[in-house]
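For reference, the structure is listed below as structure tokens.
Side chains are part of it too, since the values below use all heavy atoms of this structure and drop only hydrogens, waters and symmetry mates. What you see is a predicted model; the values in this text were computed from it and never measured. In what follows, every chain begins at residue 1, and chains take the letters A, B, ... in the order their sequences are listed.
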Amino acid sequence: MSKGEVENQILPRTAFAYWKQYICQYWWVYFVGTVTVLFTNLMQVLSTRSVGWIVDYFTDTLNKEYFVGALKNFSSGQTFVLVFSIFIGARIFLAVGRYGWRITMARQTHIAANRLRLLLWKHVRFLPKSALDSTYTRGHLMNAANSDVSTAMSIFGFVLVGLVDIIFLGIITMVAMMFIDVSLSIYCLLAMIYLPFIVKRLADKEGKQYNIAQDELSELDDLSSQYISTMRLQKLTQTGQVWLQRLYARAEKYRSERFKAHAISLSFMPSMGSAAFLSLAVLYILGTRAVIQHEISIGDFIALLGLVSLLQDPLMGLGFVVSDWKRGMNSLARLLEIYHAPLDQSLLTSEGGTDELPGDKQVMDSPLPVLDCQSLSVQFSLTSKLLFEPLSLSLKAGERLGVMGAVGTGKSTLVNILSGLNRQHHGQVLFHGQAFSHYQHPILRKKIGVVAQKPFLFASSIRDNLCLDSTFSDDELWHFLELAQIHEDINKFPLKLDTSLGEWGINLSGGQKQRLTLARTLARMPELLFLDDCISAVDTITEERILRNLDRELKHSTLVWVAHRESTLKYCHNVISLDKGSE
Amino acid sequence: MHTTNDYILADEQDSKRGRRYQLSDFRSFLFIYKYSKGQRKGLVFSLAVLFFASMIGVLGAYLTGELAGKYLINHDYSKIIQCISMILLAELVAIFAQWFGRYQLTFYSSNVLYQVRQGLLDYIQELPMGFYDRQPQGRIVTRITHDVENLEEFFTNSLGRIINAAFIGVSASLAMLISSPLIALAIIFSIIPSFIFISATRHYIRSLNRDMSRHSSVINSKLSEFISGIDVIRSLGLENWSQREYGTAVNNQLATMMTANRYYAITRPFVAFLCGMPLVILVLIGGYQHLYGILNIALFVAFVRYCEKFIGPVQVLAWEIHVIQKAFAAAERISAFLTHSTEDKIFAEDEGASVLQKNTGRISGKIQFENVDMSYDGKENVLHSVNFTISPGDVIGLVGRTGCGKTTTISLISRLYPFQSGNILVDDIPVQQYQRNFLRSQIGQIGQDVVIFKGSVRDNLDFGQIKSSKEILRAVEMTGLAAILKKNDMTLESEILEGGSNLSVGERQLLSITRILLKDPAILIMDEATANIDPYLESIIHQAVKKIMHGRTCLIIAHRLDTLRDCDTIFVFEAGRLVEQGKLNHLMLHGEKFGHLIKAGSEGSLMEDGKL
């Protein structure tokens, strides 16, 4: 399995089906894991039970029946050695057993989480823009990647360990207790039978409250970041105190929500304590009577004390397991909903599409226009009003088209349609004589470049931002940086091309970011290039240089230039205006 | 959310580079004491309750020993009943006292942490602007988010468990020492190997935890970045690349998880085994004593129960060690952060023995710069002997290329930074002699960024709630905000969403202009940027700006030629110097540098809409 790939098997629809498929796929891990948990439980009970035998041995009341006659001929010293060996052996094997389930079931939990994480981006990258804007927003997806994955992963391991623990530890402990005294054991169990119900209720409440507190914390953190990023403005506008009051209020809200969550966690103490207390009360009252009446030995009594506290664990565990299982399944279902959301088919490399495009030479000589559109129009989804008048245009190789229009006239929408990124339109758009759907997504993106108005850069080095999935030599990179007139700025950074960007690196100005994103697209040498008002934040002298560079260097490329100012469009052969009433 | 993860990531790297945090270094926690005001009594009380609970718990163990060793063997019925009721009572009291103590402790420590947050937020407000220019923003955010959270995790969660366990451990040891010093010592010594083991592995565990959280951060920031950059990913066809990048991050995390899992698989059971040593030693001693007939069975049974209680704290320590370590590191970073100089300190040097500290009245708006030099880093000057005088009510346009010194000049008037030499006078008084907040309150700023809060329109216009409704309504009418509100079916009491998301860019702008009108500053600073505002609002805003400019000294960072037409004087900046100044007509004809700027923007033909 190569990095980043997930094996392509059919993804089950329901959470339970997914879970079942995964468990079956790794059934041997789960089998070995179950055996080790079982073994661990046995050793745990044995080690507790053997303390009772030791006490019995000390009080000379050791019931030799347990050891099937083997002890009959043993001297006192030999008996002690045997009982002690059982005790120490159980503790050693206990450690071995614990090691065993950690390297099987716990390991498998992490692998399950890994797969769920890989699947996430594998699907999200192809979701339609509309879905990303409305349903699967960034908050939703980040939540899925963090809290849902970590909740869901537990049902692939930890919850199972808990389940096996409960069943076997519970049964074995009960059996061990029954061997000592049947009725006493039943009374003890009855005294704490309500434990799983309380635990489940508390665990559900606890989980919910922690989520609430966590959301409050994210809000507080977001507000804190804003607080710091607007410090200059606060000083200038004297709004610091207002910010502080809001932050105090948020912090107090978070404090109280978080405290509520802690309070629920702490309320496990009295509820579980009281169950332990009740069973102890039963044991002390009935148990001592049994000792006095010689029904059980003092060692048995001590062992019962230990076993009763051992029995608490599976009973509590039952509550936790039910609660975790429910939450895990819910999280998994939420994840699967994302994994099954319909994808944007135009982005997928389907069988029908072609990778074939004419070479540069052919393009220049071809009579076919690079881009041709007939009566193109877009409707607002709600009002069904047209965004702009139906449009027809045709672009030959090497041609430069200018698009003008005020804010809100649909310039960016037009760019997205003409570049094949948005296909929600009326009318026809042909690229080299064929509809966009005729081509594969990767080849279109290779041939058509779009530089957006809002620059977006990744938080990595300048070099990585330029190269992305391709490789360029330093000379090539500097060439494109010079075309975009950002080479001088970068030359001033001590680390030059290796300067890292983002919050922890250098903070580029808006104009620098725009020029860098321009260089990034130029480096890909697109045949058809859309420049969507992409140097609006650059000062006029630099802007002029960039315009001249582009006109000179991109002779063979077809350019579509969008601006809300005419001065930017002086190298264009034709200019169309999207302003209402003027054509 | 995504950014926080980046900070954590980089911060972890910072601490890797820095020295290792030592568990013994308790000094870094001292700053918390300062923030525990008002909570100390409660904290002491809860500790007392916890200690009481642990003593009662030990009493129960002691009585169990007595019961098994003396009364049960001797069939002393009245004693048995007495003893059992005592044991049960002790258990019950211990359970509830423990719960109550933990509850109280959590409550008071959550208050302390709130006060730490508050203190940090206050402190941030007092830091000088220069501090924010030098420090990556992420680092400051990390201090008040991630680091405080680590402290919080420790104080409100682990601390109670640790203290509780420690008290029980101490009580159990005391009980053992009193009943049989020799056996007690043997048992106490037998726990030492587990301590040594925990201590020896703590650095590795810390680095494991750091690696795990670093890898999670990388995944989160990658995912978040890809979601934000989905348009770029689509337009460049980076879908497969992004999955490879993300997949690498996810698989790297898995590799670390596997390493950690293998490590814990060995160490956790081993620690548990070592923690069982006291019990093993006890059984051996018991066997030895039995051999020589000197075993006291009551003592033995009591010791079995003591041992269980005594082992607890060590196991808690083993489980919580990484939380403790994180808290130490966080405490150290926060206390180091609190040593940065505040704005008061920085400016105190600059102000020297200034006595006036003008802080009342209204200034007229005269501004003078006399040979002002300014450098942010003390090496490279960004302003070189700048000289100018602005009369009250003048409208000044500032032009020049990016980084020429326009913004710095304006920042100095607001006293965001100290300057190295020369004089800046406002109303003929050096700026150093003004109280900073008063001076800033006399300056209004209109820019692209508008501070908008979640709250009513009224709250957003008048933070201090000092203006009457009449005044507010008049201002709203004057700027034209009233018409816009009416159009949107809003009133002064209408709710504005977080960051003003239910208003357009232009509407937010108009709101901030109205706000300034209410504030009535003597000096107005406008950073007229190429914001995307629809034409209808643009003209309203234009009118509003004209109205509020009246009677105030205005400094406009201009980008358009037609803005300059309204200016009395234009300052042309180049590389930190004021190279030309004069009226527009004069500069058009004679200004060499000015002409250069104009020419680049418009090629002579597009005067109406040229950029500057």
Of all the heavy-atom pairs spanning [X] and [Y], show the shortest one and how long it is.
X	Y	answer
A:Glu252	B:Tyr114	N-CE1, 3.4 Å
B:Phe273	A:Ala95	CB-CB, 4.4 Å
A:Pro270	B:Ile95	CA-CG2, 4.1 Å

What's the spacing between [X] [atom1] and [Y] [atom2] if we round to 0.5 Å?
X	Y	atom1	atom2	value
A:Leu247	B:Arg117	CG	CZ	10.5 Å
B:Met258	A:His110	CE	NE2	6.5 Å
A:Leu244	B:Leu121	CG	CG	6.5 Å
B:Ile233	A:Phe458	CD1	CZ	4.5 Å
A:Asn114	B:Ile219	CG	CD1	8.0 Å
A:Lys129	B:Ile230	NZ	CD1	7.5 Å

Relative to chain B, which of [options] shows the most heavy atom pairs under 4.5 Å?
options	answer
A:Val124, A:Thr40, A:Val51, A:Ile111	A:Ile111
A:Asn416, A:Ile88, A:Asp344, A:Leu127	A:Leu127
A:Tyr136, A:Tyr99, A:Phe530	A:Tyr99
A:Ser256, A:Ser419, A:Ala106	A:Ala106

Structural part of [X] lying under 4.5 Å from a heavy atom of chain A:
X	value
B:Glu245	neither
B:Arg515	neither
B:Phe300	side chain
B:Tyr264	both
B:Asp231	side chain
B:Ile87	side chain
B:Arg102	both

For the side chain of [X] and the backbone of [Y], is there at least one donor-acceptor N/O pair under 3.5 Å apart?
X	Y	result
A:Tyr227	B:Ile124	no
B:Gln243	A:Leu118	yes
B:Tyr246	A:Arg117	yes

Check: [X]/[Y] side-chain N/O donor and acceptor closer than 3.5 Å:
X	Y	result
A:His262	B:Thr156	yes
B:Glu91	A:Tyr284	no
A:Arg102	B:Asn261	no

#### Entry: Between B:Ser414, B:Gly237, B:Ala265, the one whose heavy-atom pairs under 4.5 Å with chain A are most numerous
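Most heavy-atom pairs under 4.5 Å with chain A: B:Ala265.
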### Query
Highest number of heavy-atom pairs under 4.5 Å with chain A: which of B:Phe226, B:Phe100, B:Phe270, B:Phe96?
B:Phe226
### Task
Just jot down the side chain to side chain donor-acceptor pair (under 3.5 Å) partners of B:Ser411, sequence neighbours excluded, or say none.
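With neighbours one apart ignored, the set is A:Arg232.
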#### Entry: All salt bridge (charged side-chain N to carboxylate O under 4.0 Å, His left out) counterparts of B:Glu239, not counting sequence neighbours
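Listed in chain order: nothing, the list is empty.
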